[in-house]
Amino acid sequence: MSRAPRSAVLSVLALAAALAVPTAGPPAPARAAVHHTGDEAAVLGEEHARAHARLRRAAEGTRGYPQSRRTASLASLEESQRRTNARFDAARFGRFTQFFPSPDFGVHVALLPTGKVLLFSFERVEADPTKETGPTNTVGRTNAGRAWLWDPAAGTGARAFRNVPPPVVLVPDGTYSPRPAPFFCAGHSYLPNGMVGVFGGNVGGKGGSGARLSFVFDPWTEKWFRNRDMAVGRWYPSVVTGADGRQIIMSGQSERGTGTPTPVVERFPALGHRVPWRPYDIPAGVPAERLRSDAPFRNDYPHLFSLRDGMVYGLGRDADQQWLFDPVKDVRSDLPRRPADFRGYGSAVPLPAGFRGPDSVLVLGGDPRDPHTYRLSGGRWTTEEPRAFGRTQDGTLILPDGTLLTVNGALDTRDYGHGPFNPEADLKYRQIEVRDARGRWTPGPAQRLPRGYHSNALVLPDGRMMVTGDELQQIANDPDIADGMDGSIELYEPAYLHRGARPALDRVPAGDLRYNTAFQVSSSTAKDVKRAVLLAPTTVTHSVNTSQRHLDLRLTDVRGDRIGLRTPPTAADAPPGYYMLFLLDAKGVPSTAKWVKLGTR
């Protein structure tokens with residue numbers, strides 16, 4: 001991607017000098033920038049004033065952490081990646097390919113049924129990676145959200161991204177400062193019509209405090225729609241979609257600030273309101289509903305999973321807070337204590353279980369001292385095969401062939417092995433790990449950037465993996481901090497893409513598919529197809545991915561270019577909505593996926 005010319009950087013510095021204030025004494029609080037921007041807005045107009053504020057922040061960042069240091073750091077990482085990965089055979093370990101700038105940090109990502117990827121986060125208030133980048137404790141206009149769409153079909157340049165800003169809102173912070181909704185560190189999952197429900201956000205102050213905000217993003221019109229506020233504020237909540245297509249919302253820091261997670265459980269849409277089913281069923285102004293049962297998690301972002309029994313499993317970060325929720329009877333019961341102690345932000349995956357939906361969950365990561373993985377199955381915990389080392393802030397994905405792949409990670413929230421807020425990272429945290437069919441883990445090639453806190457990854461319909469997130473590392477290694485492309489994306493090709501020609505998937509049914517029903521797809525390579533699988537799209541943040549799901553489909557017959565398949569038995573096996581359908585050959589090489597929709601109204 002082309003970068004801003006040198007003249008643009010010079011103009012940023014010149015403008016910053018013209019707008020500069022004396023640098024003696026302690027820095028002004030973030031709130032002062034809001035007042036300054038407000039004064040400018042009266043003269044220049046609001047958008048122009050915001051542009052000036054962004055330029056000032058960019059210039060400040062180049063002084064506190066110079067551009068030369070960012071550029072040299074990125075070059076060093078590229079070279080160490082090249083040396084490290086030269087010893088890994090792509091047919092066994094896969095390979096990292098493209099690395100390119102993005103206009104968003106990617107704190108939140110969601111693969112949409114259009115094939116595009118939604119990325120959203122916050123407007124940064126700091127460009128020095130030895131300081132906190134986001135407006136966690138900021139009150140006022142600069143505590144704002146942002147969102148972009150990346151279209152992989154359009155490539156990797158700036159034109160492949162489209163700005164889809166969140167609605168402008170007023171939040172109850174006492175400043176009366178309209179701004180794009182500060183919905184960063186919210187929770188999210190999918191509705192049956194492919195829309196993404198997003199709940200919560202940060203009002204600011206008090207170490208970060210919960211917002212009552214409720215939105216959906218519509219992938220078909222590529223717009224945001226606001227719903228009625230939730231009953232309580234939530235910052236760092238978790239959301240999961242149940243078998244009925246409704247979303248269950250739990251936990252999150254309340255309006256009172258950090259350290260006050262709410263026990264209130266809510267459901268969206270509320271009973272009495274239709275579940276959005278068709279692309280044109282846009283929920284706007286729809287309420288959530290408070291449930292009778294509660295979820296008193298002591299810590300935020302619990303892992304939530306809707307398994308094949310129709311129950312919601314709430315796996316807290318504290319070992320003694322493992323619960324089972326019945327969304328129909330609206331009751332909560334205890335699950336056994338997890339063997340491991342407290343876990344920070346680490347991943348958890350509902351394990352593939354063949355033709356049925358998942359009935360077990362693998363919990364991994366979250367403790368740099370513990371490389372073991374822990375499986376909950378049949379109401380009891382077992383200690384499973386360890387990874388090569390412990391890490392937090394990791395992401396683990398189910399690939400189309402059913403293997404698991406871990407990417408990203410750190411020693412602690414902002415510690416990559418050399419102390420907090422130090423962008424230098426131990427090489428091991430950049431290496432992927434792959435779990436084979438026997439449950440054994442093997443380290444693989446290294447990604448370009450270390451990515452820990454706020455890092456994310458998802459599987460694309462073409463079988464590649466997209467890796468993004470971690471604003472600290474992205475600004476520390478930004479080759480042009482002044483060009484507005486704050487983030488970055490790296491693409492990884494799993495080993496199956498280096499094992500020969502891919503099967504073809506030419507056509508799938510266009511309408512809704514009923515459960516436990518036969519259907520046909522067409523493939524010009526039908527004779528080579530040995531498996532057909534459904535892979536749910538990913539929407540993830542903070543190592544919490546409640547949407548993952550992998551199911552095999554029964555192959556009933558093959559006649560010419562027609563392959564007969566059967567859908568999963570029930571909505572508990574696979575909640576209604578959009579799935580990627582992959583065909584695989586005997587080597588586990590997948591086709592490019594096509595989207596199918598499960599469930600009928």
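What's counted below: heavy atoms across the whole structure, side chains too, no hydrogens, waters or symmetry copies.
A ring pair (Phe, Tyr, Trp, His ring centres under 6.0 Å) check over residues 222-249, counting only residues at least two apart or in different chains, returns the pairs Phe120-Trp224, Phe183-Trp224, Phe217-Trp224, Tyr236-Tyr301, Tyr236-His542.
Using a 4.5 Å cut-off on side-chain heavy atoms (C-beta onward), Val239 and Ile248 make no contact. Leu472 has its side chain within reach of Arg414: a pair of non-hydrogen atoms, C-beta onward, lies under 4.5 Å apart.
For Asp309, the side-chain hydrogen bond (donor to acceptor under 3.5 Å, both in side chains) test picks out Tyr313, with sequence neighbours left out. Scored by the side-chain hydrogen bond (donor to acceptor under 3.5 Å, both in side chains) test, Ser251 finds no partners at all (sequence neighbours excluded). For Asp486, the side-chain hydrogen bond (donor to acceptor under 3.5 Å, both in side chains) partners are Arg124, Arg146, not counting sequence neighbours. Residues forming a side-chain hydrogen bond (donor to acceptor under 3.5 Å, both in side chains) with Trp323 (at least two apart in sequence, or on another chain): Asp334. In this structure, Phe99 has no ring-ring contact (aromatic ring centres under 6.0 Å, His included) partners at least two apart in sequence or on a different chain.
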Quick one: do Met250 and Val312 satisfy side chain to side chain contact (heavy atoms under 4.5 Å, CB included)? Show the steps, please. CA-CA 11 Å; Met250 297 186 194; Val312 170; 4.2 Å; yes
Does Ser293 form a side chain to side chain contact (heavy atoms under 4.5 Å, CB included) with Val331? I'd like the steps, not just the answer. CA-CA 5 Å; Ser293 57; Val331 294; 5.6 Å; no
Checking side chain to side chain contact (heavy atoms under 4.5 Å, CB included) for the pair Leu397/Asn545: CA distance, chi angles, key distance, verdict? CA-CA 9 Å; Leu397 295 174; Asn545 184 337; 4.1 Å; yes
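Looking at Asn456 and Thr468, their side chains never bring a donor and an acceptor atom within 3.5 Å of each other. No hydrogens or angles considered: nothing links the side chains of Tyr345 and Asp412 as a donor-acceptor pair under 3.5 Å. Residues Thr539 and Ser547 bring no donor and acceptor atom of their side chains to less than 3.5 Å of each other. Residues Asp470 and Gln474 have side chains that never bring a donor and an acceptor to within less than 3.5 angstrom of each other. Between the side chains of Thr546 and Ser189, not a single donor N or O lies within less than 3.5 Å of an accepting N or O. For Thr392 and Asp394, the side-chain atoms include no donor-acceptor pair closer than 3.5 Å. Defined by atom type and a distance below 3.5 Å, a donor-acceptor pair is present between the side-chain atoms of Ser254 and Thr260. Under 3.5 Å, the side chains of Asn299 and Gln321 contain no donor-acceptor pair of N or O atoms. A donor-acceptor pair shorter than 3.5 Å can be found between the side chains of Ser121 and Asp104.
Aromatic ring centres of Trp150 and Phe100: separated by under 6.0 Å. If you look at Phe122 and Phe105, their ring centroids are closer than 6.0 Å.
Atom CZ of Arg278 has more than 12 neighbouring heavy atoms from other residues, nucleotides or ligands inside a 6.0 Å radius. The environment of Arg290 atom CZ is sparse: at most 12 non-hydrogen atoms of other residues, nucleotides or ligands sit within 6.0 angstrom. Heavy-atom neighbours of Asp341 CG from other residues, nucleotides or ligands within 6.0 Å: at or below the threshold of 12.
Minimum heavy-atom separation, Thr133 to Glu471: CB-CG, 3.7 Å.
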